[in-house]
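Notes to accompany the following structure.
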Amino acid sequence: MNTRLPTILAIAACALASVALAAEPANNEALTKAAVANLTKPQFSPYAGRNFPTRVLWGDTHLHTAISVDAGTMCRVGQEDAFRFARGEEITTTHGLRARLSRPLDFLVISDHAEMYGLMPQLLSGDPEILATEKGRKWYNELTSGDNDRVFATAMEIVASLSKKDPPIKSDQAVRNAWRAYTALADKYNEPGRFSAIIGFEYTTMGGNNLHRNVLFRGDATAANRLVPFSQFDSQNPEDLWRFLAKFQQDTGAEVLAIPHNGNLSNGRMFSVETFDGKPLSRELAELRASLEPIVEVTQIKGDSEAHPMLSPNDEFADYETWDRSNLNGTEVKKPGMLQYEYAREALKTGLKLERKLGVNPFKFGMIGSTDSHTGMATAEEENFFGKHSGVEPEPHRWEHEVIAAPDPKLTVMGWQQAASGYAAVWAADNTREAIFDAMKRKETYATTGSRMTVRFFGGWDFTAADAQSRLPAGVGYAKGVPMGGDLRQAPAGKAPSFLVAAMKDAYSGNLDRIQIVKGWMDADGNTREQVYDVVWSGDRKPGADGKLPPVGNTVNVAKATWDNSIGAPELISVWTDPDFDAKQSAFYYARVIEIPTPRWTAYEAQRFGVKMAADVPMTTQERAYTSPIWYTPST
Amino acid sequence: MNRKPMDRVGRLLREPLLHFLLIGMALFAAYGMLQQPGDGEPGEIVVTQGQIEHLAAAFARTWQRPPTPAELAGLVRDRVREEVYYREAIAMGLDRDDTVIRRRLRQKMEFISDDIAAQREPTEAELRAYLQAHPETFRVEPRYSFTQVYLNPQRHRDLADDAARLLARLNEPAADTDPAALGDALMLEPQFEAMPASDVASLFGAPFAAALAGLAPGQWQGPVASGYGVHLVRVSERTAGDLPALADVRAQVLREWTNARRMEANEQFYQGLLKRYIVTVEGPEATAESDDLALNKAP
């Protein structure tokens, strides 16, 4: 097939960029406080009173199927198969391969594009309501012409249409039907305790400049059916999405949240300090963003948005699966000045500044990862990676196929640049829609690049080295501090915050290299600063003269796509106290866990298909996790 | 997509194109044999009172008023024109090489096939039978209650030896032996209650879960390898997986039954039609030899 087609489709998929604005949190610590009350009273049974989450839940909040207008031009995996696949069942891919996950996910959000929701399958099946529209008739004729160049041109046109003000095909009835069919299907696959089918859609505004967000519902179809997906054709301004959602919550009593993604492709727009129209940010808007957007998707197939090497020159791990040459579809080149408004760490720092100015921190967000796959398959594992869209599913040459074709070939993204990333880890006490949603609201979540390591992170004023001897750090963590996503206030005189951090490897992946704590703060002059601390690591390595810990080593055999766990550690745990704390300065802290090197998906692909890839294609990776931050806010 | 069967039927029934096709077919059936169109003999087109009422009703739905006599006459004239073109087009075979029409017709057949499959609700007996026939799909997983002591391979020069000694100690415990304090630290609960086998596999790795199935309850045993290292394990209770009562899984059984019926009926429908044809594939060898794929499988 025409190799450019996948690219275009990929672009379309990406058109859903998100702007993440985190607001002053609702301080959702009810669970923590209850846990503390119980824990401080010793019980005879060590398991009594443990009402905090004991097992992390894994999911993907960002998956597209054939229902999405872009994916639908190539992907044949529908929503039902997407649910089945995430639950651990085997399905047949668009290209006819048999596929299943190494282990099931605990939850899934099928977030098909709101724009022309469900119209692509109806278009391809020749639905009379769609064919009655001028565009529908034309696209149908082109897409079924059997001429690859015409199909490609039409796919390009469809992608481009996502950035325009008016929908090329408008059929409210068809959209409503497709949306209701989806919410009913989600209810059917939702099994409390086993698998949560959380209802959602993607708002895909500003196509190429990616202010996209996924909207998630706490409730079932009854709640979700009270709207039809809000799309960029309703408004290209994300602020209007927030207003719409706020009103929806108010009118119906239902609860929703929005998750921005791919700040890295927004060309300086995702974490802008101005409104959509270029005016100074208001307190009202900051509050709206913070309340509706508690978490941000910071890692996915289209690159990692945690940190950028130019913004964090002293962080040797900042350059991870970086996509920084242009916006989403390669129509606007990236300028260095844009980066500061794109990456999560910088946005968290900017949030501290805005909080001082506005009284509210619009960027007070937690972190998750997800795939944004357009194949109907939530794959993020290196040895089981099905790619961004159905144009680049596994085959010998996908590494050199275009994923996103830009007008200027220099900005075109090639298959090998896809990151097999990521998943959302959620500390919820039960596997239900409601418990997962609530955990996201209180930001008790972390992002991984696909590996399923267990990470605990607690902040408080009284953690001591002995707490790291605990075999179950959660007990002491909840008793003496707040979990990831929480807040520290009112520093006791003379005390610095201490953090209990622990990580256990993924049973199916590599050992752990190290745990770092990333601190961002605003200094006395009102400038934001950052520092990455190595807090615990494997083996007996000593930091060098430059303060840097030597690399952990590398056991990867690229040719065979294997590694062994002779280096690294299965578990790391430590208590760390901020050595440079100033109680007058606001700050945030989050943990970053790094695995030992393991084969990247490209190495598995080269080995399986016996192909030789270009020398600049990376063949190893160090999977990682980013926790939601814990914020310290000085008393005023 | 999951439309309710009745919706699907209803939608199909409401489709003007279907009406048209049905009318067309009826006309053919009635008059086609008498008057072959295009062969020089005049064909006959009858616009019945019922059809006229239908045209008027469709007009009224759109315009919220009945058509005037002139408008109605126009509608009828147009229907006749459409009918003439339709018949002539079919006669000229214009439908045969048109991708749009071919796909549309195929889709209509699939709709019909789907509707045949999904027309009725299953009886309780059918659901029960389906449950019995597919125990693996609905089986409640085996569950394990177990205690584990972890050994980190990096901390032991002779892992096997240390594991053996620890095992002996666990099986002849002193009064103060606390398994939760033995072995090396790992962020895993020392004790798991009634954990489903698939959760064990997710957390410890599939080989560990498989090994657990072979351990007799009661004794400390091992070492058992996991994704973290090795463990000494005492299974205190194993609940065999069993088949739940229909009442407990009715929704899942209904979902699977409906899905299976649909696929089966679609396949039957297709295979029934396929019997009317002798299929010859003249393609390259690769295509021809995969006749299984080409002929017998649903797309």
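So you know, we letter chains A, B, ... as the sequences are listed, proteins then strands, and number each from 1.
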What distance separates A/Asp506 CG from B/Tyr228 OH, expressed to the nearest 0.5 Å? 7.0 Å
Measure distances from A/Arg194 to the heavy atoms of chain B and classify the residue's part below 4.5 Å as side chain, backbone, both or neither. neither
If you compare all heavy atoms of B/Gln154 against all heavy atoms of A/Asn565, which two are closest, and at what distance to 0.1 Å? NE2-O, 3.7 Å
If I measure from the heavy atoms of chain A, does B/Ala185 come under 4.5 Å with its side chain, its backbone, both, or neither? both
Kindly say whether B/Ala180 contributes a backbone atom to a donor-acceptor pair with the side chain of A/Arg471 at under 3.5 angstrom? yes
Structural part of A/Ile567 lying under 4.5 Å from a heavy atom of chain B: backbone
State, to 0.1 Å, how close A/Lys505 and B/Gly227 come at their nearest heavy-atom pair, and which atoms those are. NZ-O, 2.5 Å
Partners meeting side-chain contact (heavy atoms from CB on, under 4.5 Å) with A/Ser566 (sequence neighbours left out): A/Thr555, A/Asp564
Given a strict heavy-atom distance threshold of 4.5 Å, which part of A/Glu191 is in contact with chain B: side chain, backbone, both, or neither? side chain
Any idea which heavy atoms bring A/Leu472 and B/Leu188 closest together, and the distance? CD2-O, 3.7 Å
Give me each pair satisfying salt bridge (Lys or Arg N to Asp or Glu O under 4.0 Å) with a member in residues 202-213 of chain B, each pair once, sequence neighbours excluded. none
Region of B/Tyr150 in contact with chain A, defined by heavy-atom distances below 4.5 Å: side chain
For the residue pair A/Thr54 and B/Glu189, what are the closest heavy atoms and their distance? CB-OE2, 3.9 Å
Nearest 0.5 Å, please: how far is CD in A/Glu80 from CZ in B/Arg255? 8.0 Å
Using non-hydrogen atoms only, which part of A/Arg180 is less than 4.5 Å away from chain B: side chain, backbone, both, or neither? neither
A/Ala507 versus B/Leu203, closest heavy-atom pair with distance: CB-O, 3.4 Å
Whatever's closer than 4.5 Å to a heavy atom in chain A on B/Glu193 counts as neither
Which atoms of A/Asn511 approach chain B - backbone, side chain, both or neither, heavy atom under 4.5 Å: side chain
So which part of B/Ala181 gets closer than 4.5 Å to some heavy atom of chain A, the side chain, the backbone, both or neither? backbone
Relative to chain B, which segment of A/Ala503 carries a heavy atom at a distance below 4.5 Å: side chain, backbone, both, or neither? backbone
Side chain proximity check, B/Ser202 to A/Trp58, heavy atoms < 4.5 angstrom: no
Interatomic distance, CD@A/Glu89 vs OG1@B/Thr137, rounded to 0.5 Å, equals 8.0 Å
